[in-house]
Amino acid sequence: MKITFKANYNVSIFLICAFLGQILLYGQQDVQTSNRINKTQSSMSDDTEAKIEEILKKLTLEEKVAMCHAQSKFSTKGVERLGIPEIWMSDGPHGVRAEISWDDWSDAGWTNDSITAFPALTCLAASFNPELSSQFGFALGEEARYRKKDVLLGPGVNIYRTPLNGRNFEYMGEDPFLASTMVVPYIKGVQENGVAACVKHYALNNQEHNRFTINVEASDRALYEIYLPAFKAAVKEAGVWSVMGAYNKFRGQHTTHHELLNKILKTDWEFDGVVISDWNSTHDTMEAALNGLDMEMGTGTDGLGANIANHYDYYFLANPFLKKLKSGEIPESVVDDKVRRILRLMFRTNLSANRPLGKANNKEHHDVAREVGTEGIVLLKNEDNFFPIEDKKGLIIAVIGENATRSMTKGGGSSELKPKFEISPIEGIKARFKNATILHTMGYESGAFNYDKVLPPTMNQDSLRLAAMETAKKADIVLFVGGLNKNHWQDCESDDRQQFGLPFGQEKLLNDIHKVNKNIGVILISGNAVEMPWLDKVNALVETWYLGSMAGHSIADVISGDVNPSGKLPFTFPAKLEDNGAHYFGEKSYPGVDMTQHYKDDILVGYRWHDTKKIKPLYAFGYGLSYTSFSLSEIEIDKKEYTLEDSINISCTVTNTGAKGGSEVVQVYIGKPKSTVKRALKELKGFQKTNLKSGEDSSVKINIPVSSLAFYDESISNWNLEKGDYIVYVGNASDNISKKITITVK
Ligand code: BGC
């Protein structure tokens with residue numbers, strides 16, 4: 001079959017710029033980017049659409065229905081007699097998951113399915129670097145292709161609403177503009193490989209606690225302004241080929257078969273791909289059939305054959321669907337639309353003649369993983385230039401904490417990985433600090449990993465703590481490597497965290513270490529904000545996320561100063577939990593009462609809440625330190641007055657005023673004082689990362705369409721762009737604004 005690729009010159013130019021930028025900014029040749037195939041397929045050609053219609057005519061009703069639901073945990077049936085292939089899917093957002101058994105969640109036991117584990121998406125978002133996101137997506141797509149996957153179940157773009165959400169680490173933070181900007185190049189990168197990205201979980205899946213049953217009540221403004229934009233960007237700008245529904249309900253109806261699909265996703269945004277259910281999120285045949293779900297996955301498959309009630313044929317979109325089609329209760333056009341979409345996905349993936357070959361575990365992928373890690377790490381505190389640490393003879397470094405050795409690719413839920421290797425923090429530190437003496441002790445133990453269960457620790461915690469104090473006494477420097485992990489009730493799917501503070505006695509341990517050694521730097525490994533009553537006892541703090549295969553190397557790159565940190569927080573760290581907008585309103589808002597929760601924080605999520613309510617965060621959205629210093633000067637805009645169709649052009653000079661090369665992120669926020677509706681003080685509307693040598697300066701230009709200042713007006717069910725004055729805020733963090741400029745929209 002002949003497939004026509006539509007050349008996308010914007011993508012080509014983007015990739016060329018990314019490639020050149022990479023050489024200029026980092027002085028390294030990126031072989032991978034240069035080898036990329038500069039074409040993507042956004043809409044299908046008429047030729048292909050005609051072929052889809054031909055195939056449709058040849059399919060029996062039974063064959064059509066069989067294509068709309070799972071045949072195993074991660075695949076759907078093909079049509080053998082017509083050469084239509086099966087579809088194979090795999091998690092997930094930061095690496096291709098190991099093979100799972102046909103009917104249950106156990107590891108299939110393959111020995112050729114280990115891969116590169118890339119950093120989790122909080123880290124990618126913290127890089128504020130869309131070019132890097134493109135490289136990430138492309139490398140991940142190559143691995144998925146190598147593993148013969150047609151659909152990669154990621155990325156996740158649910159908005160960070162509460163720091164307790166167990167899955168925040170899989171997502172791209174609290175800001176819809178940041179998540180939208182970072183997700184688009186990721187998706188394009190994955191799909192260049194002829195592998196469909198599946199953006200998830202649509203929508204309002206912002207907590208794991210009671211995730212199958214919780215009913216979310218949120219306003220249209222919160223929906224359109226906060227929770228949907230990243231999905232919209234995935235569809236409209238990246239041309240994503242599949243979307244995954246979510247477990248939760250919205251306004252009383254399950255989101256996997258909700259009007260959010262037909263009305264918003266498929267009609268307003270003209271999504272022409274496949275809506276896939278989350279695994280076991282389908283609940284009703286009529287709703288699934290009529291409300292826009294195309295493919296049902298994961299509905300109670302455990303024990304296939306042993307328990308007939310769970311058999312794939314008994315899925316809501318299997319025999320019950322067929323029966324209703326045969327009786328005429330559901331018109332055949334309904335299944336035809338689903339199959340058309342599924343065939344379209346196939347022509348983009350496993351029926352595409354031009355699909356490139358994949359690659360896995362190659363040096364380029366490891367380099368991407370390492371670079372995303374180093375660019376996403378956020379330096380939060382650095383008194384007396386604690387970091388970088390110079391590797392020298394005679395220096396004794398005590399590395400204390402379970403996370404120095406614990407695997408962070410195991411656990412966490414569906415995003416768990418089986419990497420070919422995983423460099424732990426201690427391995428990375430030892431490899432980099434060859435002259436210094438490295439001492440190591442656990443300090444605390446959290447218990448082995450077990451999905452949906454907390455296993456108790458097996459070692460004596462007091463002995464571990466005392467041993468840590470003894471080790472700390474002998475050292476010049478203590479590096480405390482702690483935080484959360486991928487266990488149940490930590491950063492893990494299926495439930496939320498139970499406490500905002502550090503678990504497993506780490507707060508006491510830090511206090512006790514401080515009694516014997518005052519020179520402490522904390523390497524915080526987490527996908528979430530934590531409470532820090534111990535902060536004034538430590539000299540330095542670096543948030544290093546979950547970094548995958550190259551974790552230890554990325555951490556060592558930053559703490560040694562080989563790489564100057566440039567990550568910025570993609571979400572706010574509140575000082576205490578009640579300072580967060582979702583928690584401020586009590587249980588009705590989070591985690592819900594009687595299985596319903598009201599998003600009373602509404603549009604004021606994250607820094608929008610802190611800014612507007614004047615609640616000082618511990619660390620603000622967009623904040624992150626460097627080993628050098630930057631100044632922003634000559635901050636100007638091109639005009640004072642704009643029309644609705646204009647763009648606001650902001651220019652500014654960034655100067656590296658310190659002694660080391662490094663990168664800074666210029667951030668532009670815009671707010672509307674005197675609005676007719678409630679508005680956040682300011683919202684991120686543009687950003688740009690620039691790399692500068694010591695003493696160098698550069699002019700940064702950021703272009704913001706005036707149309708992006710609109711709010712969602714519930715009285716007209718549409719976007720409304722108010723005229724009048726707006727304030728443009730330019731700075732390098734949401735709480736560090738160098739200049740405010742008032743503009744007028746006429
Ligand atoms: C998760 C999805 C995942 C799916 C398949 C579900 O429990 O919510 O994100 O893709 O399982 O593993």
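When a ligand or atom number is given, it counts from 1 through the structure's own listing order. Just so you know, residue 1 is the first one in the sequence shown, and it goes up from there. Nothing here was measured: the structure is a model prediction, and the numbers come from that model.
Ring geometry for His254 versus His283: interplanar angle under 30°, hence parallel rather than tilted (30 to 60°). Using bins of under 30°, 30° to 60° and over 60° for the plane-to-plane angle, the ring pair His69/Tyr315 lands in the tilted bin.
Taking 4.0 Å as the cut-off between side-chain N and carboxylate O, Lys263 and Asp268 count as a salt-bridged pair.
Within 6.0 Å of the NZ atom in Lys77, the count of heavy atoms belonging to other residues, nucleotides or ligands does not exceed 12.
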Check each N or O atom of ligand 1 against all protein N or O atoms and list the pairs under 3.5 Å, with atom names and distances to 0.1 Å, one per line.
from: ligand 1; atom 1: 7 (O); to: Tyr247; atom 2: OH; distance (Å): 2.8
from: ligand 1; atom 1: 7 (O); to: Glu493; atom 2: OE2; distance (Å): 2.7
from: ligand 1; atom 1: 8 (O); to: Arg167; atom 2: NH1; distance (Å): 2.7
from: ligand 1; atom 1: 8 (O); to: Asp278; atom 2: OD1; distance (Å): 3.3
from: ligand 1; atom 1: 8 (O); to: Asp278; atom 2: OD2; distance (Å): 2.7
from: ligand 1; atom 1: 8 (O); to: Glu493; atom 2: OE2; distance (Å): 3.4
from: ligand 1; atom 1: 9 (O); to: Arg167; atom 2: NH2; distance (Å): 2.8
from: ligand 1; atom 1: 9 (O); to: Lys200; atom 2: NZ; distance (Å): 2.9
from: ligand 1; atom 1: 9 (O); to: His201; atom 2: NE2; distance (Å): 2.7
from: ligand 1; atom 1: 10 (O); to: Asp91; atom 2: OD1; distance (Å): 2.5
from: ligand 1; atom 1: 10 (O); to: Lys200; atom 2: NZ; distance (Å): 3.1
from: ligand 1; atom 1: 12 (O); to: Asp91; atom 2: OD2; distance (Å): 2.5
from: ligand 1; atom 1: 12 (O); to: Arg97; atom 2: NH1; distance (Å): 3.2

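The side chain to side chain donor-acceptor pair (under 3.5 Å) test with Tyr312 is passed by exactly one of Thr299, Asn319, Asp103: Asp103.
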(request) Quick one: do Arg97 and Glu416 satisfy salt bridge (Lys or Arg N to Asp or Glu O under 4.0 Å)? Show the steps, please. (result) CA-CA 7 Å; Arg97 192 179 186 178; Glu416 69 176 357; 3.3 Å; yes

